[in-house]
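In what follows, chains carry the letters A, B, and so on, assigned in the order in which the sequence lines appear, proteins first and then strands, with residues in each chain numbered from 1.
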Amino acid sequence: MNPIPHYQAITSSPIGLLGLIMEGDALYSIDFLADDVEPLAAEDRSTIQVVSQLQHYFRQADWCFSLPLKPVGTPFQLSVWQQLQQIPVGEVRTYGEIAKVLKSGPRAVGNACRKNPLPVIVPCHRVVAASGPGGYAGQTQGRNMTIKGWLLAHEGVTI
DNA sequence: TTAGGTAGTCTCG
DNA sequence: CGAGACTACCTAA
């Protein structure tokens with residue numbers, strides 16, 4: 001039962017429409033939207049910047065985002081999301097590897113990845129299971145896994 | 001292949 | 001608050 005999100009921009013991309021929510025000048029959340037909604041042009045400067053960097057990434061995977069981010073979560077979730085941002089483009093880590101660094105457990109890491117509010121930019125798609133692809137955006141199969149596969153292929157990773 | 005272990009979060013009451 | 005259930009998992013046998 002979420003309040004209806006108010007997007008500052010809805011932009012199209014190779015993985016479908018992305019809805020952006022800002023909090024001040026920082027990026028607060030990215031949603032994968034169904035393709036039957038109207039695109040919405042970014043108006044303020046910081047939102048334009050986000051859209052621009054996303055488009056750049058989709059054109060050229062080897063691109064480091066430089067954006068003010070404002071992910072909201074528990075201290076543990078924040079520490080996991082911070083680890084994700086240290087994974088270089090074209091590499092992957094397993095849930096267990098992240099867990100080891102944080103002295104935690106693989107399932108807990110999976111839980112935190114599932115709650116990542118900034119997919120694509122906080123690269124939770126670069127985390128896979130020791131045996132298998134893991135999940136994405138709460139799904140272990142379906143459209144979101146297709147997106148995960150696309151992102152990894154885009155970065156030159158072969159699952 | 002599965003059984004059991006594990007860590008963090010959520011949901012009731 | 002507390003117990004129990006629910007995971008985008010992992011390891012040993």
Side-chain angles (χ1 to χ4, degrees), chain A residues 1-7 9-23 26-37 50 53-58 60-65 67-159:
Chain A
M1 318 319 146
N2 288 344
I4 297 174
H6 176 253
Y7 297 110
I10 298 176
T11 183
S12 69
S13 80
I15 56 174
L17 291 176
L18 303 177
L20 309 182
I21 302 180
M22 308 293 292
E23 172 106 3
L27 180 60
Y28 175 79
S29 122
I30 296 182
D31 292 338
F32 299 124
L33 304 180
D35 42 59
D36 59 353
V37 301
V50 173
Q53 292 203 20
L54 280 169
Q55 300 301 338
H56 199 132
Y57 166 78
F58 285 116
Q60 176 191 343
D62 181 13
W63 157 262
C64 292
F65 290 98
L67 291 170
L69 306 178
K70 190 168 194 170
V72 174
T74 66
F76 176 75
Q77 288 166 349
L78 292 171
S79 71
V80 171
W81 302 336
Q82 198 170 342
Q83 286 301 312
L84 302 189
Q85 297 188 74
Q86 323 237 333
I87 309 174
V89 174
E91 293 186 24
V92 296
R93 299 285 182 274
T94 65
Y95 298 98
E97 285 169 345
I98 306 277
K100 202 168 174 186
V101 171
L102 297 177
K103 302 185 196 307
S104 175
R107 304 198 80 155
V109 170
N111 276 339
C113 291
R114 180 161 49 92
K115 296 285 184 50
N116 173 22
L118 300 176
V120 180
I121 292 180
V122 174
C124 54
H125 56 276
R126 296 183 196 142
V127 187
V128 298
S131 155
Y136 196 64
Q139 299 182 359
T140 54
Q141 53 184 336
R143 172 166 102 117
N144 294 344
M145 285 307 289
T146 305
I147 292 175
K148 183 173 189 173
W150 190 94
L151 291 170
L152 287 174
H154 180 54
E155 298 183 359
V157 177
T158 52
I159 332 182

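Counting heavy atoms from C-beta on, the side chains of Ile30(A) and Val50(A) never come closer than 4.5 Å. The closest side-chain heavy-atom distance from Tyr7(A) to Ile21(A) is below 4.5 Å. The shortest distance between side-chain heavy atoms of Leu18(A) and Asp31(A) does not fall below 4.5 Å. Contact of the Ile147(A) side chain with the Val120(A) side chain is not registered, since no non-hydrogen atoms from C-beta on lie closer than 4.5 Å.
Going from atom NZ of Lys115(A) over to atom CD of Gln77(A) covers 5.5 Å, rounded to the nearest 0.5 Å. Taking CD of Gln83(A) as the start and SG of Cys113(A) as the end, the distance is 11.0 Å to the nearest 0.5 Å.
Looking at heavy-atom distances under 4.0 Å, Gly138(A) makes contact with a base. Using a 4.0 Å heavy-atom cutoff across all strands shown, Ala112(A) reaches no nucleic acid atom at all.
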**Study point:** Nucleotide pairing, DNA chain B (Watson-Crick or G-U, distances under 3.5 Å), in dot-bracket with [ ] and |
**Key:** |||||.|||||||
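For residues 80-102 of chain A, the pairs satisfying salt bridge (Lys or Arg N to Asp or Glu O under 4.0 Å) are Glu91(A)-Arg93(A), with sequence neighbours left out. Among pairs with a residue in residues 118-144 of chain A, those fulfilling side chain to side chain donor-acceptor pair (under 3.5 Å) read His125(A)-Glu155(A), Arg126(A)-Glu155(A), at least two apart in sequence or across chains.
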Show me the protein contacts with nucleotides 7-9 of chain B, counting only N or O atoms at under 3.5 Å.
unit_1	atom_1	unit_2	atom_2	d
dA7(B)	O3'	Ser104(A)	OG	3.2
dG8(B)	N2	Asn111(A)	ND2	3.1
dG8(B)	N3	Asn111(A)	ND2	3.4
dT9(B)	OP1	Thr74(A)	OG1	2.3
dT9(B)	O3'	Lys115(A)	NZ	3.4

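For DNA chain C, the outermost nucleotides in 5' to 3' order that have an atom under 4.0 Å from a heavy atom of chain A are dT7(C) to dC10(C).
Every residue two or more places apart in sequence or in another chain that forms a side chain to side chain contact (heavy atoms under 4.5 Å, CB included) with Leu69(A) is listed here: Leu27(A), Leu67(A), Pro71(A), Gln85(A), Leu118(A), Ile121(A), Val122(A). Applying the side chain to side chain contact (heavy atoms under 4.5 Å, CB included) rule to Arg107(A) yields no partners; only residues at least two apart in sequence or on another chain are considered. Remark: Pro75(A) pairs with no residue by the side chain to side chain contact (heavy atoms under 4.5 Å, CB included) rule, at least two apart or across chains. By the side chain to side chain contact (heavy atoms under 4.5 Å, CB included) test, Ser79(A) pairs with Phe76(A), Leu102(A), sequence neighbours left out. Checked against ring pair (Phe, Tyr, Trp, His ring centres under 6.0 Å), Tyr57(A) has the following partners two or more places apart in sequence or in another chain: Phe65(A), His154(A).
Judged by distance alone, the side chain of Lys148(A) and the main-chain N or O of Pro133(A) form a donor-acceptor pair under 3.5 Å. Formation of a donor-acceptor pair under 3.5 Å by the Trp63(A) side chain with backbone atoms of Phe58(A) is not found in this model.
Less than 4.0 Å separates DNA chain C from at least one heavy atom of each of the following residues of residues 121-129 of chain A: Cys124(A), Ala129(A). Near-neighbour residues of DNA chain C inside residues 78-89 of chain A, defined by a heavy atom below 4.0 Å, are absent.
Using P as the reference atom, dG4(B) and dA8(C) are 22 Å apart when rounded to the nearest Å.
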